[in-house]
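One structure below.
Each chain gets a letter, A, B and so on, in the order the sequences are listed, and its residues count up from 1.
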Protein chains: 2
Amino acid sequence: MATISAETDYIQPAVTADTALFSVRGGELVALTVRREREPFAGWWALPGDYIRAEEALDDCAARALAEQTGLDAIYLEQLYTFASHYPGRWGRVFNVAYFALVPFAAVSPRNDENIAWQALSRLPRLAFNHEDILASARRRLAAKIEYSALALGLLPEVFTLAEVQAVYEAIKGERLDKRNFRRALLALDQLEVTGEKRQSGAHRPARLYRLREPSNLGIIG
Amino acid sequence: MATISAETDYIQPAVTADTALFSVRGGELVALTVRREREPFAGWWALPGDYIRAEEALDDCAARALAEQTGLDAIYLEQLYTFASHYPGRWGRVFNVAYFALVPFAAVSPRNDENIAWQALSRLPRLAFNHEDILASARRRLAAKIEYSALALGLLPEVFTLAEVQAVYEAIKGERLDKRNFRRALLALDQLEVTGEKRQSGAHRPARLYRLREPSNLGIIG
DNA sequence: AATAATAGTGTTTTCTTTACACTAAGTCAA
DNA sequence: TTGACTTAGTGTAAAGAAAACACTATTATT
């Protein structure tokens, strides 16, 4: 029987944690990218991420990179998949431990930094490394998860209309939903409450505004 | 804005692919373990796995380790989660990319090697490294996946009775299932066919034997 | 005052899931 | 050879979940 291979045989790769961060802007699903400053792929758009440090936990690395590069803090991150890739020359072997998360659009956009941008998934630019693969994989996971969880509530701003929530779900699932069935199911989650305020957005009846009842445990479901 | 950290800052860890391999023996869920021959944890039971080699893909590494250590070949492996751990001394940082898979019990048991053993999950010995955590995580994934897929059909031998399939599902889910409902749902998957043979196993009516219709695409579902 | 646009609301139908009990076919022992 | 025992095998009814479906309400605009 073969055993654990000889020590000379295994390699010493670099490990990164990279996050596919989703939001919805104008009913369209978007992902956050940051512009790389150094080689390789200097100047390219990439997912926020960093090399892991000695003694650092994977989750912590993903959270730290996100905080450093985007200012986002303390959001729910879920590990997605680990990708192995190989780059010629001195960069060598890289393992990407991919994470994904959802945030309200407003959580990042105020920071008007040219090196951070939301990209619509429907017209994504080329990304550095294998980040396009990571993003595609995260998008599939997102669509699958949303089927059986209240996960997408994490995408919402402070207050919102039910039509806006429906737009988020439709953007993620890529299909139209029935208004009455959607509202019934959403309210049955018992996570929303009415604010009493209304929002006027055109020459028509204004919509009631809602807020999340308990912002704490979102995304844990499922 | 902070950027990708300095090159001196990141570390060069070891990366392994380890597989939680499940089967069912006598209606009980079991996992395959191999005995470690070298330090650290020499003599302990561990999950089959190995350090990844230069240029090797993660999936290939998991498959190779499994083939070398157990003789199993060409089974469906699904990546589960990546764990980071740290061991004092010269072993340093290790990342375990965990996989999980299901096989018919007979696929491994004939090989009567003292250094390979199926362990009942209900009375698992201490395992090397963080392999108990990996196994616990894999068991949760298994239970979740089986809810909405035909995954557990991968656990079956060449031919089998419906009662045996039900025992597999009951072992994984940890609850009793209704015989009629189970059979109806199972046959509705349209993956089984009758062999025409029967199996006598006691002083009672013999059971019809079934086989898988298309052994190829199991586990892909869900 | 009429028009246009989105907000908001229940019921019916269909499908899925669950609960539930008896007959069939074999072995074994008296 | 017959009765007792054991597991195999089968259908239907009820409950619950999901899907289909259309009209009234409220505001701005002209």
Side-chain angles (χ1 to χ4, degrees), chain A residues 24 26-28 143-150 152 156-157 159-211 221-222, chain B residues 24 26-28 143-150 152 156-157 159-211 221-222:
Chain A
V24 169
E28 200 175 43
K145 275 210 85 149
I146 207 176
E147 289 289 343
Y148 50 93
S149 84
L156 299 170
V159 298
F160 46 83
T161 68
L162 295 189
E164 287 167 351
V165 185
Q166 185 171 345
V168 169
Y169 275 81
E170 288 178 341
I172 293 173
K173 301 180 74 164
E175 59 179 327
R176 299 299 309 274
L177 302 173
D178 180 89
K179 182 164 57 165
R180 280 169 292 187
N181 292 340
F182 179 80
R183 286 170 179 230
R184 177 177 27 248
L186 188 64
L187 295 174
L189 293 176
D190 206 33
Q191 305 241 22
L192 305 188
E193 60 187 12
V194 291
T195 64
E197 307 291 304
K198 297 193 174 186
R199 173 179 295 162
Q200 184 74 42
S201 69
H204 51 79
R205 177 174 177 176
R208 296 210 276 216
L209 288 172
Y210 289 77
R211 74 169 77 85
I221 306 162
Chain B
V24 169
E28 199 175 43
K145 275 212 85 150
I146 207 175
E147 289 289 345
Y148 51 91
S149 83
L156 299 170
V159 298
F160 46 84
T161 69
L162 296 188
E164 288 167 350
V165 184
Q166 186 171 346
V168 168
Y169 275 80
E170 288 178 341
I172 292 172
K173 302 181 73 166
E175 60 179 328
R176 299 298 311 272
L177 302 173
D178 179 271
K179 182 163 59 165
R180 280 170 293 191
N181 292 340
F182 179 79
R183 286 170 181 230
R184 178 179 23 249
L186 187 66
L187 294 174
L189 293 175
D190 205 34
Q191 304 243 21
L192 305 187
E193 59 185 13
V194 292
T195 64
E197 307 291 304
K198 297 192 173 185
R199 173 179 295 161
Q200 185 74 42
S201 70
H204 52 79
R205 177 173 176 176
R208 296 210 277 216
L209 289 171
Y210 289 77
R211 75 168 76 87
I221 306 161

Seminar exercise, completed: Quick note, B/Lys179 side chain, CB onward, closest among D/dG9, C/dG26, C/dC20 is D/dG9
Problem set entry | Side-chain (A/Gln200) to main-chain (A/Gly202) donor-acceptor, under 3.5 angstrom | yes
For this session: Output yes when at least one side-chain N/O atom of A/Arg183 is less than 4.0 Å from OP1 or OP2 of C/dG8, else no.
Result: yes
Problem set entry | Main-chain N/O of A/Leu177 paired to A/Glu170 side chain as donor or acceptor, under 3.5 Å | yes
Exercise. Within this structure, what is the CD-to-C1' distance between A/Glu164 and C/dA7, rounded to whole angstrom?
Worked result: 13 Å
Exercise. From the list D/dT27, C/dA25, C/dA19, which nucleotide is the closest neighbour of the side chain of B/Arg184?
Worked result: C/dA19
For this session: Ignoring the backbone of B/Pro206, work out which of D/dT27, C/dC28, C/dA25 is nearest its side chain.
Result: C/dA25
Problem set entry | Distance, rounded to the nearest Å, where B/Gln166 contributes CD and D/dT7 contributes P | 13 Å
Problem set entry | A/Glu175 CD to D/dA20 P, straight-line distance once rounded to whole Å | 10 Å
Problem set entry | Student check: side-chain heavy atoms of B/Lys173 and B/Ile146 closer than 4.5 Å | yes
Problem set entry | Shortest side-chain distance from A/Arg208, nucleotide among C/dG8, D/dC21, D/dT29 | C/dG8
For this session: Starting from C1' on C/dG8, measure out to CG on A/Leu209 and report it in whole angstrom.
Result: 14 Å
For this session: Over all heavy atoms of both residues, which pair between B/Thr195 and B/Tyr210 is shortest? Give the atoms and the distance, please.
Result: CG2-C, 3.8 Å
Seminar exercise, completed: Comparing B/Asn181 with A/Leu187, nearest DNA chain C nucleotide closer to 5' gives the residue A/Leu187
Seminar exercise, completed: Residue pair B/Gly202/A/Leu162 against DNA chain C: nearer the 5' end by closest nucleotide is A/Leu162
Problem set entry | Euclidean distance, atom CZ of residue B/Arg199 to atom P of C/dT27 [Å, nearest integer] | 16 Å
Exercise. Between the base of C/dA7 and the side chain of A/Arg180, is there a donor-acceptor distance below 3.5 Å?
Worked result: no
For this session: Using whole Å, report how far CD of A/Gln200 lies from P of C/dA5.
Result: 15 Å
Exercise. Touch check for B/Ala185, heavy atoms < 4.0 angstrom, all strands: base, sugar-phosphate only, or nothing?
Worked result: nothing
For this session: Report the distance from atom CG of B/Leu162 to atom CZ of B/Arg183, rounding to the nearest 0.5 Å.
Result: 4.5 Å
Exercise. Nearest of D/dT10, D/dT6, D/dT26 to any side-chain atom of B/His204?
Worked result: D/dT6
Exercise. Can you tell me how far P of C/dA7 sits from CZ of A/Phe160, to the nearest Å?
Worked result: 15 Å
For this session: Provide, to the nearest angstrom, the distance between the CG atom belonging to A/Asp178 and the P atom belonging to D/dA22.
Result: 11 Å
